[in-house]
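Quick note on labels: first sequence line is chain A, next is B, and so on, each numbered from 1.
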Protein chains: 2
Amino acid sequence: MEMNERKKGILKAVINEYILTAEPIGSRTISKKYDLNVSSATIRNEMADLEDLGYLQQPHTSAGRIPSDKGYRFYVDSLIDVEKIPQSFEEMVRKKYLDRKKEVQDIVQVTSRMLSHLTRYTALVASPSSPEYFFQHLQLVPLEGKKVAVIVVISSGIVQHQTVTLQNRPSRQELEYISRLINDRLQGLPLGKIGNEIFRDLEKDLRDRTIFRELYKSLVEFLSDEGISQEWGKIHLDGATNILEQPEFSDLEKVKVFLKLFEQEEMLKQLLNKIPSQGLKVVIGKEVPLEEIRDCSLVVADYSFQDKTVGKMAILGPTRMNYPKVMATVNFMAEGLSKVLREED
Amino acid sequence: MEMNERKKGILKAVINEYILTAEPIGSRTISKKYDLNVSSATIRNEMADLEDLGYLQQPHTSAGRIPSDKGYRFYVDSLIDVEKIPQSFEEMVRKKYLDRKKEVQDIVQVTSRMLSHLTRYTALVASPSSPEYFFQHLQLVPLEGKKVAVIVVISSGIVQHQTVTLQNRPSRQELEYISRLINDRLQGLPLGKIGNEIFRDLEKDLRDRTIFRELYKSLVEFLSDEGISQEWGKIHLDGATNILEQPEFSDLEKVKVFLKLFEQEEMLKQLLNKIPSQGLKVVIGKEVPLEEIRDCSLVVADYSFQDKTVGKMAILGPTRMNYPKVMATVNFMAEGLSKVLREED
DNA sequence: CTTAGCACTCTAACAACCCGAGTGCTAACA
DNA sequence: TGTTAGCACTCGGGTTGTTAGAGTGCTAAG
């Protein structure tokens with residue numbers, strides 16, 4: 001026994017209906033609502049076959065069928081009608097992007113908000129991160145007392161700053177000298193290369209090394225993983241509470257697990273990282289690389305900057321998710337974000 | 001009929017017990033667990049009186065009593081034993097503060113996290129905001145193409161930056177000239193005063209005004225409410241999911257309302273602002289100035305910087321909250337935060 | 001191969017019931 | 001006059017029994 005057109009039609013009908021109602025679907029429902037020109041008895045036989053094939057399952061005898069993970073997989077791979085993004089969405093999105101400050105973090109945040117609003121599921125957007133950042137410019141600004149603002153400009157116009165308290169109050173000249181020294185030496189270097197060798201190399205030219213040491217240390221520290229990539233890879237989450245609208249989350253225990261997860265950013269980061277980048281990807285149920293949410297699905301897409309993939313975004317929802325709509329939306333938003341970043345450049 | 005010592009003792013016992021168990025408390029429970037040297041029948045009479053006085057209420061006949069808002073009020077004002085913060089807490093908190101980067105936003109975030117962990121309720125911490133910030137220093141750093149990083153240092157060493165894309169690529173000299181001009185004029189001015197008069201005043205001295213205009217505009221924009229006070233007044237929330245552990249939130253609808261609220265930062269800001277600053281304040285049930293959470297309580301404290309109140313923190317939990325513990329913790333953390341900010345200075 | 005018919009299964013909803021915790025009242029007692 | 005033991009009464013929550021309905025699988029006929 002194998003898949004034929006009628007079986008496909010029935011499977012598609014069952015899944016569509018189940019996505020809508022979240023209730024097990026019986027043969028009569030299908031025969032009434034969908035014009036398949038066969039009786040409910042025939043559908044019954046076909047559904048039994050589909051169950052044998054592993055595409056459907058029964059919560060218990062004498063209930064309708066619900067799709068299995070395998071069923072969803074087949075649906076997503078072979079049965080889905082690609083949905084078109086309505087004009088109104090496109091305009092709404094463009095508008096939202098326009099009246100926003102142009103900081104990358106803001107853009108990412110807006111993106112996650114729109115994603116969750118449009119889909120009514122939970123949205124995750126990782127802000128751009130790239131191992132290929134390089135150093136552009138350092139600026140040291142003396143503050144009150146012994147404090148100095150260390151401001152670093154990285155490629156693509158990313159600016160980061162940090163306040164450092166030194167042992168002694170530095171003079172303006174010292175700071176200028178040190179910043180010139182560092183700028184001359186580091187300009188254009190990839191961040192990964194900025195380490196201790198250069199430090200020793202630079203130190204030779206100095207009379208007073210203590211200030212330099214303190215500053216350089218803080219510089220290295222926050223150009224390293226803890227500093228930059230903390231910001232730039234950060235996960236923006238939105239619409240966490242949308243899951244509460246889903247009937248599969250009427251169980252408080254489940255909700256708890258879910259929301260607890262959302263409070264652990266590190267987990268989410270890993271989750272996204274474990275999914276290979278490749279355009280639009282759907283991860284269904286047991287395929288999800290995280291124990292706690294094995295009855296959910298992810299629709300993931302990556303976005304790019306300067307022709308390189310720099311980040312990912314995802315929708316997280318129940319396996320019974322409106323895949324056509326979500327896939328279209330995620331795809332659209334990923335392209336949109338790439339475009340906005342390009343224009344920013 | 002009025003309050004006497006025995007009534008107070010019984011009220012206190014009932015509330016303590018209710019805080020522990022979240023179940024209506026009967027007269028027998030009290031007579032067994034607390035050494036009041038009277039029989040359950042007497043307690044029964046007293047409890048009836050306490051109900052007449054409005055301190056207790058019955059969910060239904062033939063159930064125990066639970067405290068009313070008025071009861072909690074009396075308890076908090078007159079019956080509470082002040083709790084001592086354990087040594088281990090203090091050390092833990094000190095440690096947490098130490099191994100942290102010294103950015104204000106980080107400190108605030110750590111504070112909210114600790115608060116929610118220590119109390120097991122939801123913590124809100126508003127980051128410091130003050131109308132009394134003044135301008136210290138502007139730095140313009142040219143980036144790629146037509147982009148310029150605008151970096152502003154404000155009093156107390158707060159640094160903010162923003163990227164601006166100009167119409168034309170500016171020369172380094174132009175930027176230096178403009179920044180010197182602005183720095184000379186604005187240094188020491190309160191942020192509120194930086195507006196259009198100064199703009200026109202400055203403009204006179206310029207040959208090419210377009211670049212100046214663009215930069216000044218962006219400067220004003222993000223020194224205004226939208227910019228600075230967006231960051232500095234920002235609410236850090238932690239432990240939202242802690243409420244799920246509370247039996248009063250076994251109802252999904254309630255949880256929904258609550259979590260939705262947490263997604264609206266503006267609401268939370270207003271909520272805190274509506275509560276007058278004055279050391280440690282407890283807001284109970286119907287006193288809470290926000291419809292949706294009328295069956296919750298807030299314990300609010302303010303913290304200071306340079307002897308001025310600059311922000312607030314709060315614990316939000318069910319009215320059946322462990323007031324002694326929460327009040328002690330919030331008070332302790334508010335003082336702790338003030339101290340850390342002072343040391344930072 | 002399809003379909004009508006039918007017996008069978010299982011759950012969700014509802015009603016009836018009981019149990020226990022807790023109260024208020026009364027009457028006796030110190 | 002305040003305290004306490006005793007007792008009848010109340011009410012909610014849990015358990016059990018029953019039923020209606022939706023859905024199935026199988027059989028036999030078209």
Can a donor-acceptor pair be found between the side chains of B:Arg320 and B:Gln246 at a distance below 3.5 Å?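 On atom types as modelled, these side chains qualify, holding a pair under 3.5 Å.
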What integer distance in Å separates [X]:[atom1] from [N]:[atom2]?
X: B:Arg6; N: D:dT4; atom1: CZ; atom2: C1'; answer: 11 Å
X: B:Ile10; N: D:dG2; atom1: CD1; atom2: C1'; answer: 13 Å
X: A:Glu17; N: D:dG23; atom1: CD; atom2: P; answer: 11 Å
X: B:Leu56; N: C:dT23; atom1: CG; atom2: P; answer: 11 Å
X: B:Leu50; N: C:dG24; atom1: CG; atom2: P; answer: 12 Å
X: B:Asp52; N: C:dT23; atom1: CG; atom2: P; answer: 14 Å
X: B:Ile43; N: D:dA5; atom1: CD1; atom2: C1'; answer: 14 Å
X: A:His60; N: C:dT11; atom1: NE2; atom2: C1'; answer: 5 Å

Considering the terminal five base pairs at each end of the helix from C:dC1-D:dG30 to C:dA30-D:dT1, what angle separates the two local helix axes, rounded to 10°?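 Axis-to-axis angle, ends of the helix: 20°.
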With a 4.5 Å limit on heavy-atom distance, are the side chains of B:Lys8 and B:Leu79 in contact?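 A side-chain contact under 4.5 Å exists here.
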With distance as the sole test, does B:Lys312 use its side chain to make a donor-acceptor pair with the main-chain N or O of B:Ala126 at under 3.5 Å?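 Looks like no, no N/O pair under 3.5 Å.
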Donor-acceptor check, side chain of A:Asp238 to backbone of A:Ala123, threshold 3.5 angstrom: yes or no?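 No; zero donor-acceptor contacts below 3.5 Å.
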It should be established whether [X] places a side-chain nitrogen or oxygen under 4.0 Å from OP1 or OP2 of nucleotide [N].
X: B:Arg65; N: C:dT23; answer: yes
X: A:Thr42; N: C:dT3; answer: yes
X: A:Ser27; N: D:dT24; answer: yes

Candidates A:Val76, A:Leu298, A:Leu290 - the one meeting side-chain contact (heavy atoms from CB on, under 4.5 Å) with A:Val283: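 Exactly one pass, corresponding to A:Leu298.
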To the side chain of [X], which of [options] is closest?
X: B:Val38; options: D:dC11, C:dT2, D:dT4; value: D:dT4
X: B:Arg44; options: C:dG24, D:dC11, D:dC26; value: C:dG24
X: A:Asn45; options: C:dT3, C:dT9, C:dC25; value: C:dT3
X: A:Met47; options: D:dA5, C:dC10, D:dT24; value: D:dT24

For A:Glu51 and B:Thr61, find the nucleotide of DNA chain D closest to each by heavy atoms; which residue's nucleotide sits nearer the 5' end?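 Closer to the 5' end of DNA chain D: B:Thr61.
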Any salt bridge linking A:Lys254 with A:Glu248? Criterion: basic side-chain nitrogen under 4.0 Å from a carboxylate oxygen.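 No, A:Lys254 and A:Glu248 are not salt-bridged.
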Atom of A:Ala13, atom of A:Tyr34 and distance for their closest heavy-atom approach: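 Looks like O-OH, 3.7 Å.
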Any idea which heavy atoms bring B:Arg113 and A:Glu263 closest together, and the distance?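 Smallest interatomic distance, heavy atoms only, reads NH2-O, 3.9 Å.
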Assign B:Ala41 to base, sugar-phosphate, or nothing according to its heavy-atom contacts below 4.0 angstrom with the strands shown.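 Base contact - B:Ala41 has a heavy atom under 4.0 Å of at least one base atom.
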May I ask you to decide if the ring planes of B:Tyr75 and B:Tyr323 are parallel, tilted or perpendicular, using 30° and 60° as cut-offs?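 Ring orientation, 0 to 90° scale: perpendicular.
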Students often mix this up, so state it plainly: with edges at 30° and 60°, are the rings of B:Phe74 and B:Tyr55 parallel, tilted or perpendicular?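 Judged by the thresholds at 30° and 60°, the geometry between B:Phe74 and B:Tyr55 is tilted.
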Produce a footprint string for nucleotides 15-21 of chain C: one letter per nucleotide, 5' end first; B if the base is under 4.0 Å from any protein heavy atom, S if only the sugar-phosphate is, - if neither. -------
